[in-house]
Amino acid sequence: MKPVSYYNVEYLPNSTLKEKFERNINWMLSLTPDQLLYNYRKNAGLDTKGTTPLTVWESPDFFFRGHFTGHYLSGASKTFVELTNTDEKDPQAVELKNRVDLIVTGLKEVQDKLSETSEFPGYLAAEPEKRFDNLEKLRFNGNHYVPYYAIQKLMDGLMDAYQYTGNQTALQLVKNLTSYVEKRMAKLTPERISAMLDTRWYQGSGQYIFHQEFGAMHRTLLRLYELTGKKEQDVFDLAEKFDRKWFRDMLINNQDKLGYYSMHSNTELVCAEGMLEYYHVTGDDQYKKGVENYMDWMHTGHELPTKGISGRSAYPAPADYGSELYDYPEMFFKHLSKLNGESCCSHDLNYLSSELFADTKDPVLMNDYEIRFINAIMAQQNNDSAIAEYLYNLSVAPNSVKHYDRGGFWCCVGSGTERHSTLVDGIYYQDNDDIYVAQYFDSILNLKDQGVKVTQDAHYPDQHFAHITVETEQPKDFTIYVRVPKWSAETTITVDGKAVKVQPENGFVAIKRNWSKKSEITINFDFQLRYQVLADRFNRIAIYYGPILLAAQKADLPASTVSAKEYLNDLEKVEGKNQFRLKGSDIIFKSLPEIPGETPYNVFVKVPEEPVAKTIDTQNDGAQFGHQWTLAVDPDKKNYLKITYSALDDDIYSFQIEDDDQVLFTQTMTKEEWPEDSYYIYPLPQSVTKGRDKLNIKIEPLDYESLNFDVADIDKIETMVATK
């Protein structure tokens, strides 16, 4: 099975997706090719044409410059295809293609000029070569130089310019740059390459690792290998150098150590994309299995209520910088104390979900895709200007805000510009003649070669149903598979007004028939209020209405005095909207896309503690026994460790919680971030407690960068077992 081609999918006129798509076009057209070339020309000593450079992350003195140009090329090239699907002479399509051609021509001039002075021919970047020199020497000066990240975005943009607009020069530029990288990497030992690409901030006693992000170099080089007919063995061999054995083995062996090493969310995510691409190129099923394991980790232990990821680290600075990292599975409370939910991660998770679904038909991937799309991606774009939200704020502290900055050019502005050109991704898939409708967003699937057209126009999820029109030029036998979302308890389906038996098989209902001329499928979903308890804080809930995550547009949301179930009963639907008013108040709960920028909101509601687990063992502080305890657990159920701490002084405390010398968790605590009620809950992996009725818990100070950390004073330690 494969996702449908961009050449076969169109935006439905007057739909929300079309509106956001058009706003993205206007954003791209507000920039000029000379602005996008400014840093490249300056780096090569060429005339910058008197233009005004872009700002912040794309300013001429910023160490990260150049990445946005690649995203722009990708967004413009894919937009060109989608505009010409409906009108071959669309004036905006013509303008965007002209801009792509101008940028590529400008980049060729830059590459020609840089090749005169660079160590090897083919260099093309907005930064000097010394960035790569510093990287190869493992020089770290406080700035995370990311030259491979920047050129990877450019390489993908150039390949998109080649693939979707037919620009042959763009492909040659990528080949030249790949040759340059190959020659650089050939000078390095495998050990040095491994050190360069190691994103594990912490690996043991006092071991701090040079850190840099290198983007999706593995996937991008494999893509180039495929685009050139799998004839360039040197390109494949170069791609292999970005395939880190320790990371690959972690995924294949199903050992989620992402939070244990304080790893970078989006770097590891696109490395998983590289593994899936390797499976597509070679057929090595172990790689696919590793990616399946990774996506299961995201689903069960790392996804926020929006189904986005990223946040705090478990470690002290510099391994914690509060927004882009992994914590231990199901450890969200500290994770959510600052900004989180990097937008890039949501885009890349949906891309990977789509690609993996085509390989596996796993409906969980599409269920998560739907919630992520509705609540994260649809909330990213500033409806008044550009795409600029970097991080979502789903803080457990009160009063989150969405912050937009038109001029920031963060990584997420780049990925958002690219991905808002392809909002119709992930909706349709083809398995020979059969069609999978995996999402219900307004769109048109036009399989011109097969004489089949599928249109969705129900404005879902604003409306609570899907309306699918199937048109065929000639009568044709095939099956349409429609997804039944997990959250919809009672779903009904009709075809041309006649009821279809809803018996989902692997999450989909198969509608097999001879489709003739025009038929209509209607799917009615069961929208109900439901809540999700935070995995490591049983007095915090997130509220959904069907697939829609609700947030209270209210500063200082009062804590509830009634249970979560009663709280939902007190939410009264606002007529004609997917909004709810808390009874007896002016508090309105609405979707994240509906909440304006800089407006306080609260995703989590504080409620009396839910009966998620009960205590089965309680012991005192244990300091006189060297912070060691033997505690009861249930071998057959989910278990939790709960530790109540004493108040802190002004020091930073960082320590590891171990079981028979196996590290279970790392905890860093400061007075400024003291947890309410003085405790943390640590969900224990079932692999730790399976077959055991006791744990031997020991707490040791963290030895990190020769800093003197201590164990925080502990009042009591408890084990809890799930009640269900």
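One-based numbering along the sequence shown. These values consider heavy atoms only, across backbone and side chains, with no hydrogens, waters or symmetry-generated copies.
Counting heavy atoms from C-beta on, the side chains of Asn39 and Phe62 never come closer than 4.5 Å. Leu352 places none of its side-chain heavy atoms less than 4.5 Å from the side chain of Leu365. No side-chain heavy atom of Ile193 sits less than 4.5 Å from a side-chain heavy atom of Glu136.
Residues passing the side chain to side chain contact (heavy atoms under 4.5 Å, CB included) test with Ser415 are His71, Cys344, His347, Cys412, sequence neighbours excluded. For Tyr390, the side-chain hydrogen bond (donor to acceptor under 3.5 Å, both in side chains) criterion is met by Glu324, not counting sequence neighbours. For Asp101, the side chain to side chain contact (heavy atoms under 4.5 Å, CB included) criterion is met by Lys97, Asn167, not counting sequence neighbours. Residues satisfying the side chain to side chain contact (heavy atoms under 4.5 Å, CB included) test with Lys42, not counting sequence neighbours, are Tyr38, Thr48, Pro60. With sequence neighbours excluded, the residues satisfying side chain to side chain contact (heavy atoms under 4.5 Å, CB included) with Leu83 are Phe21, Ile25, Thr79, Asp90, Gln92, Ala93, Leu96.
The one candidate from Leu258, Ile309, Asp348, Leu349 that meets the side chain to side chain contact (heavy atoms under 4.5 Å, CB included) condition with Ser265 is Ile309.
With rounding to the nearest 0.5 Å, the separation of CZ in Phe63 from CH2 in Trp57 is 7.0 Å. Summarising the geometry, atom CD belonging to Glu129 is positioned 6.5 Å from atom CD belonging to Glu119; distances are rounded to the nearest 0.5 Å. Note: Leu391 CG to Ser343 OG = 7.0 Å, rounded to the nearest 0.5 Å. Put simply, OH on Tyr326 and NE2 on His264 are 9.5 Å apart, with the number rounded to the nearest 0.5 Å. Here the straight-line distance linking atom CZ of Phe247 with atom NE2 of His218 works out to 11.0 Å at 0.5 Å rounding. The line from CE of Met159 to OH of Tyr164 is 11.0 Å long, rounded to the nearest 0.5 Å.
A donor-acceptor pair is defined here as one N or O able to donate and one able to accept, closer than 3.5 Å; such a pair exists between the side chain of Asn340 and the backbone of Leu394. A donor-acceptor pair is defined here as one N or O able to donate and one able to accept, closer than 3.5 Å; such a pair exists between the side chain of Gln439 and the backbone of Met366. Using modelled atom types, one side-chain atom of Thr84 and one backbone atom of Val81 make a donor-acceptor pair closer than 3.5 Å. In this structure, Tyr11 contributes its side chain and Leu17 its backbone to no donor-acceptor pair below 3.5 Å. Although no hydrogens or angles enter the test, the distance criterion places no donor-acceptor pair under 3.5 Å between the side chain of Ser262 and the main chain of Gly259. Judged by distance alone, the side chain of Asn85 and the main-chain N or O of Tyr6 form a donor-acceptor pair under 3.5 Å. Using modelled atom types, one side-chain atom of Arg99 and one backbone atom of Leu29 make a donor-acceptor pair closer than 3.5 Å. A donor-acceptor pair is defined here as one N or O able to donate and one able to accept, closer than 3.5 Å; no such pair exists between the side chain of Gln111 and the backbone of Asn176. Under the 3.5 Å distance criterion, the side-chain polar atoms of Tyr40 are left unmatched by any main-chain donor or acceptor of Leu124. Using modelled atom types, no side-chain atom of Thr165 and backbone atom of Ser77 make a donor-acceptor pair closer than 3.5 Å.
Between Arg184 and Asp133, at least one side-chain N (NZ, or NE/NH1/NH2) sits under 4.0 Å from a carboxylate O, which counts as a salt bridge. Salt-bridge check for Arg200 with Glu268: failed, with every basic side-chain N at 4.0 Å or more from each acidic carboxylate O. Between Lys108 and Asp112, at least one side-chain N (NZ, or NE/NH1/NH2) sits under 4.0 Å from a carboxylate O, which counts as a salt bridge. Using a 4.0 Å cut-off between charged nitrogen and carboxylate oxygen, Asp156 and Arg219 count as a salt-bridge pair. Taking the charged nitrogens against the carboxylate oxygens, Glu418 and Lys78 do have a contact shorter than 4.0 Å, which makes a salt bridge. The pair Asp320-Arg312 meets the salt-bridge criterion, with a side-chain N (NZ, NE, NH1 or NH2) lying under 4.0 Å from an Asp/Glu carboxylate O.
At a cut-off of 3.5 Å, with distance as the only test, a side-chain donor of Tyr287 or Asp243 sits close to an acceptor on the other residue. No side-chain donor-acceptor contact under 3.5 Å links Asn350 and Asp425.
Stacking of Lys183 on the aromatic ring of Tyr180 is not recorded, the 6.0 Å distance cut-off and the 45° axial limit not both being met. For Lys257 and Tyr260, the positive end sits near the middle of the six-membered ring, less than 6.0 Å away and at most 45° from its axis.
Here the closest non-hydrogen pair linking Asn43 and Ala125 is ND2-O, 3.0 Å. Listed here is the closest heavy atom pair of Asn24 and Gln381: N-NE2, 4.0 Å. Closest approach of Leu325 to Ser313, counting heavy atoms only: CD1-CB, 3.6 Å. Of all heavy-atom pairs between Val104 and Ala161, the closest is CG2-CB, 4.4 Å. In plain terms, the two heavy atoms of Gln163 and Leu227 that are nearest each other are OE1-CD2, 4.1 Å. Between Ala314 and Asp327, the shortest heavy-atom contact is CB-OD1, 3.4 Å.
Between Phe64 and Phe409, the gap from one ring centroid to the other reaches at least 6.0 Å. In this structure, the ring of Tyr148 has its center less than 6.0 angstrom from the ring center of Phe242.
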| task | Report the C-alpha distance between Ser346 and Gln380 in whole Å, list the side-chain angles of each, state the deciding distance to 0.1 Å, and finish with yes or no for side-chain contact (heavy atoms from CB on, under 4.5 Å). | result | CA-CA 10 Å; Ser346 293; Gln380 185 194 9; over 6 Å; no
| task | Go through the steps for Leu356 and Lys288 under the test side-chain contact (heavy atoms from CB on, under 4.5 Å), then give the verdict. | result | CA-CA 8 Å; Leu356 187 60; Lys288 183 182 78 168; 4.2 Å; yes
| field | side-chain contact (heavy atoms from CB on, under 4.5 Å) evaluation trace for His302 with Trp297 | value | CA-CA 7 Å; His302 294 285; Trp297 302 346; 4.2 Å; yes
| request: Would you please test Lys113 and Glu109 for salt bridge (Lys or Arg N to Asp or Glu O under 4.0 Å) and show each step? | output: CA-CA 6 Å; Lys113 181 65 174 178; Glu109 293 172 356; over 6 Å; no
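The salt bridge (charged side-chain N to carboxylate O under 4.0 Å, His left out) analysis of residues 46-58, with sequence neighbours excluded, yields no pairs.
No more than 12 heavy-atom neighbours from other residues, nucleotides or ligands sit within 6.0 angstrom of NZ on Lys231.
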